[in-house]
Structure formats: structure tokens, C-alpha cells
**Student:** 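If you scroll down you'll find the structure; I have some questions about it.
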Number of protein chains: 2
Amino acid sequence: MQRPSEPQRLTDRKRAAIIEAAIDEFRAAGYEATSMDRIAARAGTSKRTVYNHFPSKETLFAEILRQLWEASIAGEELSYRADRPLRDQLLELLAQKLRLLNDEAFASLARVAIAAGIHSTERARDMVARMGEREEGLTVWVRAAAADGRLKAKDPVFASHQLQGMVKGFAFWPQITLGQPPLSAKEQKRVAESAVDMFLAYYA
Amino acid sequence: MQRPSEPQRLTDRKRAAIIEAAIDEFRAAGYEATSMDRIAARAGTSKRTVYNHFPSKETLFAEILRQLWEASIAGEELSYRADRPLRDQLLELLAQKLRLLNDEAFASLARVAIAAGIHSTERARDMVARMGEREEGLTVWVRAAAADGRLKAKDPVFASHQLQGMVKGFAFWPQITLGQPPLSAKEQKRVAESAVDMFLAYYA
DNA sequence: CACAAACTACACCGCGCAGTGTAGTTTCAG
DNA sequence: CTGAAACTACACTGCGCGGTGTAGTTTGTG
């Protein structure tokens, strides 16, 4: 028996190496500027092997996006609890969100996906659908708290987007679009607490 | 005498046509995927003429960025007034901001610039500097209001980023990265009012 | 109207890329 | 140990790109 992280079969190792190399290259240079020759070289395989695994650059790219997406949605859902303070629950929710946003795997996905989506309308459509699901965590919580009478948010989707906007403005967009460094633990705490307090000052 | 929008000299008309075509092409396909042949064709000139005006694709691209940037900073500054309600002033500030975010010229710049900056670190550095200035309008207002004792924002930069985050989460990032349609006047109003009220509930 | 400046068509170069075909070598399960 | 499956090196095609050079035409000013 072998650990799945180190596959025994040569073909699996090669495939993994190709995907890893492709992630690095696409992330560093984007879709257009990345060549299959470079990917093959970095993966330590022949170009032919790359094409034996993936029929085209487009296919390989799609697989990368799929893998990164799956890697990024490992987080578990936190559900509303009527017996706990709103502030504590929201802070936990945001902490989870910030953990995701600061995760390098997720950031890679976002950069590559956004870069790809900016130009290709159809690719952008794919993203819209997927992103929608991911936002749900916070939204359902807000909806539950509102239904419980503890938040006066008439539109949970709107309210949760407001809250997320405040966080992403510090912890996501600058890192994705301007290559800024991720937030430190201290900064994360500050951003989350301030956002939650402002949110509750208005909606509680 | 001739209107500057329709230059008389052939060479000026050609140059303008090239720039216009380049904006369209770069916006539609990004830097890498746009070819000089296509730009020339769309501009209705020969490729040689393009190269007579701009020594390289890179130069042309830089000029596009410069032009779009200048077109986008037409807005005048609104300064803090001690004799007016905070809410009214903030709403005006945000309305101005939303007007800019919804402006097609600005959106074009942002899309092209972000697409360019995502991969090239040096290009991203340029953007950081420029964007910084642009944010200043709201920040100086917050600082003034805080100095006047009407806002308890200890960190004006942080507070103004929070406010902007809420707005951009609806009116900027979805449009830039996911190709979503701009906000209607009604939606803009809602976003601005809700953001300002939340902001004041916390900081006033 | 002459003439310089600008534009055009077009051929051309070198390059790197996506993708293929082939002939030979390595891997590894039965 | 055998043999199929997988990998490798490498040569090659076709294409589009950025950029240049040239010879001839158009434009518009003095």
C-alpha cells in the first residue's frame, strides 16, 4: 500500500508533475504567455508525454482550474446557532473566510481564473456560477439570524455582500490584482473585528 | 478653426484611429492576444503607419494606458464642510465615486490595467502608486471629519477603505472581473445609502 | 503647383508556439 | 522474464506574431 500523495505508477507521477508545473507556469505568466514546452521542461518530461496526458493546452488549463477549485473548497460550513452571540459567530465566519482568502492555493486559482475570465466571456460565465455557491455560507447564516429576529437585514444576500466587500477590499483584491502581500494575523483580526462591529452596529 | 475632437491633419486622424482601435482590441483580448496587424486593420491604416507612430507594441500599450488614465481623472474634489450633515456629504462623495466606477472609460482602464498587472510585477507597481492618489479624495474627507470631532475614525485610511470596499464589492469588481453589467441608478442609490448608513452607525 | 511629409501595399525575416509523427528506451505487472 | 504500456528525444509542420525595408501614392502646406 502506498500513500496517494506519492503515487507508485510512473504515469501517475508524470501526470502529477505536469499538473504541478502547469500550475506554476500559468500562475506566473498567464494562459497566453505560457508554452507547452516550458511546462514540459519544468515537469521534467518530454513534451510528447504532456500531450499524451492532455490533448491540448486548453484541456490542461481546464484541468488546472478544476484542481485548484477543488483544493480551495476544503472548508467546512459553519451554521447559525441561536444560543451564541452574533459577534462571536460572525468573527468565526470571517476568520474562516480570511483563511481561505489568504490561502496560496485559493489565491492562485483566483489570479489565474480572473486573468482568464477577464477576456473570455464564456470562461467568466463559468466563474459566476461557481463563485455564487461559495458565497452561500455567510449568506445562509445572515438569513438564519434574520429569520431568528436578531438581525434586521431584509436582504441577506445584499447584507452578506456588504460584509464581504469590506473584508475583500483589504484581504483579497489588493493581493490578486496588485500582487500585494497577504495580511498578517494581526491585520486579519483587525479587519474582521472592525467589519463585524460596523455590520452589527447597523443590522443588529 | 477646428474642433479638437476632429483633428484636421491626416496624421492626427490616423493616430487617433490607431489609438481608438488599440483600446478596443486590448480591451477585448488583452495585451498578449492582441496583434498589431489586427489593430492596423481595425484602425483602417497600414501596419507600417502604426509603426511610424509607435515604435513598438509596448509603447503603444503604454500610451493607451496613459490616455485612459487621464480620461478617467476628470472628477473634481469634494472637500469637507463643517456646516453640512455628514450623511449628505458622504452620499455626494460616494455618488461621485460610483459615477467614476460606472464610467466606461474608467472601466476600460481598469480592465486593461488589471489584466496587464496581474502577471507583470513591475506594471502592478505603477498601478499601486497611481491608484493610491485616487483614493485620497475620500480619505482626506474622513480625516477632516475626524479632526473636526464628528467621526471617531482613528485611522482615516482604514475607514475610507472599508467604505469603499462595500461599494466596490457591488459596483466595481463584479463588472471588472466577471463582466457583469453596471449598476442601475436605483441600485447605485441603494448601495451608497446603505454603505453610508452602516459607516455612520459605527463611526459617527 | 511643387514638394516634403505622411500614408499604403506588400514582401520579407526570425522566432516561438501548438501540436504531430516516429523510432527507440524504460517501466512494471503478470 | 516477457511484453504491453508508457516515456523519451527529436525532427518537423504550419501558423501568426513583432517588426522592417522598399517603392510608389496621397495629402496638404507654403
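Chain letters run A, B, ... following the sequence lines, proteins first and then strands; every chain starts at 1.
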**Student:** Give each protein N/O atom lying under 3.5 Å from an N/O atom of nucleotides 3-8 of chain C, with the pair distance.
**Tutor:**
{"from": "dA6(C)", "atom 1": "O3'", "to": "Thr11(B)", "atom 2": "OG1", "distance (Å)": "2.9"}
{"from": "dC7(C)", "atom 1": "OP1", "to": "Thr11(B)", "atom 2": "OG1", "distance (Å)": "3.1"}
{"from": "dC7(C)", "atom 1": "OP1", "to": "His53(B)", "atom 2": "NE2", "distance (Å)": "3.1"}
{"from": "dT8(C)", "atom 1": "OP1", "to": "Lys14(B)", "atom 2": "NZ", "distance (Å)": "2.8"}
{"from": "dT8(C)", "atom 1": "OP2", "to": "Ser46(B)", "atom 2": "N", "distance (Å)": "3.2"}
{"from": "dT8(C)", "atom 1": "OP2", "to": "Thr49(B)", "atom 2": "OG1", "distance (Å)": "2.7"}

**Student:** Output all residues satisfying ring pair (Phe, Tyr, Trp, His ring centres under 6.0 Å) with Tyr80(B), sequence neighbours left out; order by chain, then residue number.
**Tutor:**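 Ring pair (Phe, Tyr, Trp, His ring centres under 6.0 Å) list for Tyr80(B), sorted by chain: Trp141(B).
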
**Student:** Take a 6.0 Å sphere around CZ of Arg42(B) and say whether it holds more than 12 heavy atoms from other residues, nucleotides or ligands.
**Tutor:**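 Atom CZ in Arg42(B) is packed in, count exceeds 12.
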
**Student:** What nitrogen or oxygen pairs link the protein and nucleotides 2-5 of chain D at under 3.5 Å?
**Tutor:**
none

**Student:** Determine whether a donor-acceptor pair (N or O, by modelled atom type, separation under 3.5 Å) exists between the side chain of Gln89(B) and the backbone of Arg81(B).
**Tutor:**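 Looks like yes, one N/O pair under 3.5 Å.
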
**Student:** When you measure from the side chain of Gln175(B) to the backbone N and O of Phe170(B), does any donor-acceptor pair fall under 3.5 Å?
**Tutor:**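 Present.
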
**Student:** State whether the side chain of Thr139(A) and the backbone N or O of Ser160(A) hold a donor-acceptor pair below 3.5 Å, judged by distance alone.
**Tutor:**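 It does not hold such a pair.
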
**Student:** Which atom pairs, donor and acceptor, lie under 3.5 Å between side-chain atoms of residues 196-204 of chain A and protein residues at least two apart or in another chain?
**Tutor:**
{"from": "Asp197(A)", "atom 1": "OD1", "to": "Arg87(A)", "atom 2": "NE", "distance (Å)": "2.7"}
{"from": "Asp197(A)", "atom 1": "OD1", "to": "Arg87(A)", "atom 2": "NH2", "distance (Å)": "3.4"}
{"from": "Asp197(A)", "atom 1": "OD2", "to": "Arg87(A)", "atom 2": "NH2", "distance (Å)": "3.2"}
{"from": "Tyr203(A)", "atom 1": "OH", "to": "Gln162(A)", "atom 2": "OE1", "distance (Å)": "2.6"}

**Student:** Are any side-chain N or O atoms of Lys57(B) and backbone N or O atoms of Tyr31(B), one a donor and one an acceptor, separated by less than 3.5 Å?
**Tutor:**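 Yes; at least one donor-acceptor contact below 3.5 Å.
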
**Student:** For Arg27(A) and Asp24(A): C-alpha separation, side-chain torsions, deciding distance, then whether salt bridge (Lys or Arg N to Asp or Glu O under 4.0 Å) applies.
**Tutor:** CA-CA 5 Å; Arg27(A) 173 161 65 191; Asp24(A) 290 346; 3.5 Å; yes

**Student:** Separation of Phe61(A) atom CZ from dC17(C) atom C1', in whole Å?
**Tutor:**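 So the two atoms are 17 Å apart, to the nearest Å.
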
**Student:** What does nucleotides 11-19 of chain D look like as a protein-contact string, B for base, S for sugar-phosphate only, - for none, at under 4.0 angstrom between heavy atoms?
**Tutor:** ------SBB

**Student:** Just jot down the side chain to side chain donor-acceptor pair (under 3.5 Å) partners of Gln67(A), sequence neighbours excluded, or say none.
**Tutor:**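 Result, side chain to side chain donor-acceptor pair (under 3.5 Å) vs Gln67(A): Glu63(A).
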
**Student:** Please answer whether the main-chain N or O of Lys47(A) pairs with a side-chain N or O of Asp37(A) as donor and acceptor at a distance below 3.5 Å.
**Tutor:**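 Between the backbone of Lys47(A) and the side chain of Asp37(A) there is no qualifying donor-acceptor contact (under 3.5 Å).
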
